[in-house]
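The structure appears below as structure tokens.
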Amino acid sequence: MCLVRIEIWSDVVCPWCYIGKRRFETALANIQRNGITEPIEVIYRSYQLDPHAPVTGTTAVVDAYAKKFGGQERAEQILTHLTSVAASDGLIFNMDRALRANTILSHRILHWALSTYGPDTQAEVKEAFLQAYFTLGVNIGDLEELLSICGELDLDSEALRIWIEQGHGLEEVRADFDGAALRDITAVPTYVINDQFMIPGAQDVELFERILTKMLQQ
């Protein structure tokens, strides 16, 4: 039986990436309960919505959205809508607390989690980082905060600190950026199955199920 690899390009400050993650995981669980037996490996790839965000300091998300989308009123409308959509998928978005920051450190750590512990642990770290940003108002660009999150997951945060301080992970992150460009990925989330099939966006659970079932049966 062949291993199916699903690579997901996403960012930890992308609301649709969090919503899409929950829907995608639900769809995977559903199709596996319905008889899909192929072993499936899910790997998260790096993508930055705002690669030019300062690596120190933060910006309130509402201010970042106001600058991007044309004012405070429009920003609040978008954030209210996102919060409502997230709630329908069982996610809590506290966008009034969220702090926009550069995500390069989080992507490096996700590569460390993958190479050190494997895809399942990487997914746990991804979930924790998303929750930290969207629900808890954590500065996702702060090394100490990220190390603390990894420590709470019983990962070797001191080994991680040394790994980061030695400059590791940047090459892997850049390779993901290049991989996105090579595949013409310009928005996230994007799901790539066996480097052959691509699903763009946070699709509904039912649509994910239909697409995945069709692709996995080919």
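- Partners of F129 according to the ring-ring contact (aromatic ring centres under 6.0 Å, His included) rule, which considers only residues two or more places apart in sequence or in another chain, do not exist here.
- Listed by chain and residue number, T26, R33, V205, E209 satisfy the side-chain contact (heavy atoms from CB on, under 4.5 Å) test with N30 (two or more places apart in sequence, or in another chain).
- Without hydrogens or angle criteria, D11 side chain to L49 main chain gives a donor-acceptor distance under 3.5 Å.
- Within the structure, no pair that satisfies the salt bridge (charged side-chain N to carboxylate O under 4.0 Å, His left out) test touches residues 101-123, not counting sequence neighbours.
- The stretch residues 159-169 participates, sequence neighbours left out, in these salt bridge (charged side-chain N to carboxylate O under 4.0 Å, His left out) pairs: E144-R161, E158-R161.
- Counting heavy-atom neighbours within 6.0 Å of I92 CD1, excluding the residue itself, gives a total of 12 or less.
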Please assess Y18 against L130 for the test side-chain contact (heavy atoms from CB on, under 4.5 Å), listing each intermediate value before the final yes or no.
-> CA-CA 7 Å; Y18 199 6; L130 288 163; 3.6 Å; yes
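- Under the 3.5 Å distance criterion, the side-chain polar atoms of W9 are matched with a main-chain donor or acceptor of D176.
- Within the 3.5 Å criterion, the main-chain N or O of L91 finds no donor-acceptor partner in the side chain of D89.
- Considering CG of L105 and CG of L143, their distance stands at 5.5 Å, rounded to 0.5 Å.
- Judged purely by atom type and a 3.5 angstrom limit, E145 has no side-chain atom pairing as donor or acceptor with the backbone of I140.
- To the nearest 0.5 angstrom, S46 atom OG is 9.0 Å from E172 atom CD.
- Atom CG of L212 is separated from atom CD of E38 by 11.5 Å, given to the nearest 0.5 angstrom.
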Might you work through the salt bridge (charged side-chain N to carboxylate O under 4.0 Å, His left out) test for E127 and R22, ending with a clear yes or no?
-> CA-CA 9 Å; E127 178 75 20; R22 186 61 80 251; 2.6 Å; yes
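- Not a single side-chain hydrogen bond (donor to acceptor under 3.5 Å, both in side chains) links S106 to another residue, sequence neighbours left out.
- Partners of N102 under the side-chain contact (heavy atoms from CB on, under 4.5 Å) rule, at least two apart in sequence or in another chain, are Q48, A53, V55, I104.
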Can you give each donor-acceptor pair under 3.5 Å made by side-chain atoms of residues 75-87, sequence neighbours left out, with the distance rounded to 0.1 Å?
unit_1 : atom_1 : unit_2 : atom_2 : d
Q77    : OE1    : R74    : NH1    : 3.3
T80    : OG1    : E76    : O      : 2.8
T83    : OG1    : L79    : O      : 2.8

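- Side-chain atoms of Q122 come within 3.5 Å of backbone N or O of Y44 as a donor-acceptor pair.
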Start with the C-alpha gap between R210 and E206, add the side-chain angles, then the distance that decides, and say whether salt bridge (charged side-chain N to carboxylate O under 4.0 Å, His left out) holds.
-> CA-CA 6 Å; R210 290 200 299 271; E206 294 77 10; over 6 Å; no
Could you please spell out the steps behind the side-chain contact (heavy atoms from CB on, under 4.5 Å) verdict for I8 and I43?
-> CA-CA 6 Å; I8 305 174; I43 293 175; over 6 Å; no
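- Within the 3.5 Å criterion, the main-chain N or O of H168 finds no donor-acceptor partner in the side chain of E171.
- Partners of F197 under the ring-ring contact (aromatic ring centres under 6.0 Å, His included) rule, at least two apart in sequence or in another chain, do not exist in this structure.
- Residue I211 holds its CD1 atom at 4.5 Å from CD1 of I199, rounded to the nearest 0.5 Å.
- Using a 4.5 Å heavy-atom cutoff, the side chains of I40 and I6 are in contact.
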Step by step, work out the side-chain contact (heavy atoms from CB on, under 4.5 Å) result for L110 and V12.
-> CA-CA 10 Å; L110 285 165; V12 296; 4.3 Å; yes
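- Distance check: L147 CG to I149 CD1 gives 9.5 Å after rounding to the nearest 0.5 Å.
- Partners of F208 according to the ring-ring contact (aromatic ring centres under 6.0 Å, His included) rule, which considers only residues two or more places apart in sequence or in another chain, are F24, Y191.
- Rounding to the nearest 0.5 Å gives a distance of 14.0 Å between CZ of R45 and OG1 of T190.
- Listed by first and then second residue, the salt bridge (charged side-chain N to carboxylate O under 4.0 Å, His left out) pairs that reach into residues 189-204 are R23-D204, R183-D195, sequence neighbours excluded.
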Go through S10 and K21 one step at a time and tell me if the side-chain contact (heavy atoms from CB on, under 4.5 Å) criterion holds.
-> CA-CA 9 Å; S10 66; K21 181 177 186 292; over 6 Å; no
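- Within the 4.5 Å cutoff, no side-chain heavy atoms of Y65 are placed close to those of V62.
- The side-chain hydrogen bond (donor to acceptor under 3.5 Å, both in side chains) search around R97 returns none, not counting sequence neighbours.
- Take Y117 and apply the side-chain contact (heavy atoms from CB on, under 4.5 Å) test, not counting sequence neighbours, and it matches W112, T121, L155, D156.
- In this structure, Q196 places its CD atom where more than 12 heavy-atom neighbours from other residues, nucleotides or ligands lie under 6.0 Å away.
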